[in-house]
Amino acid sequence: AQWPPIPDLFDVITYFRARGDSFALIASIGFWVGEKPTRALTARGVKLWYEAELERRSAAKAAIR
C-alpha cells in the first residue's frame with residue numbers, strides 16, 4: 001500500500017476552489033495530460049474538465065436516489 005494516498009484530481013481542485021483560488025492559479029500547479037508533462041492543462045482546460053466531472057458526479061448521485 002502506498003502512503004500517503006494520492007488524492008483524486010477532483011478532490012484537489014475542489015479543495016483549492018473552496019479556498020477561493022482561481023482556475024488560473026490551480027492550473028499553474030502543472031496538471032498534465034497523460035504521461036507527457038509538456039502538455040499541461042490550461043486554466044480553461046482545468047475549468048472545463050472540473051465542470052464536466054461535477055456534472056457527471058451529480059448525475060450519478062441523482063441516479064442512485
field: Ser22: partners by side chain to side chain contact (heavy atoms under 4.5 Å, CB included), with sequence neighbours left out
entry: Ala24, Leu25

message: Listing request: all side chain to side chain donor-acceptor pair (under 3.5 Å) pairs with a residue in residues 9-18, at least two apart in sequence or in separate chains.
response: Thr14-Tyr50

task: Could you list the residues that satisfy side chain to side chain contact (heavy atoms under 4.5 Å, CB included) with Arg56, not counting sequence neighbours?
output: Glu53

- request: Using the test salt bridge (Lys or Arg N to Asp or Glu O under 4.0 Å), find all partners of Asp8 that sit at least two apart in sequence or belong to another chain.
  value: Arg57

- request: Return the set of residues passing side chain to side chain contact (heavy atoms under 4.5 Å, CB included) with Leu9 (not counting sequence neighbours), or none when no residue passes.
  value: Ile13, Phe31, Trp49

message: Using every non-hydrogen atom in the two residues, find where Ala27 and Val46 come nearest and quote the distance to one decimal.
response: CB-CG2, 4.0 Å

field: Cluster check Leu54, Leu48: I/L/V/M/F/W/Y, side chain < 4.5 angstrom
entry: no

field: side chain to side chain donor-acceptor pair (under 3.5 Å) partners of Glu51, counting only residues at least two apart
entry: Lys47

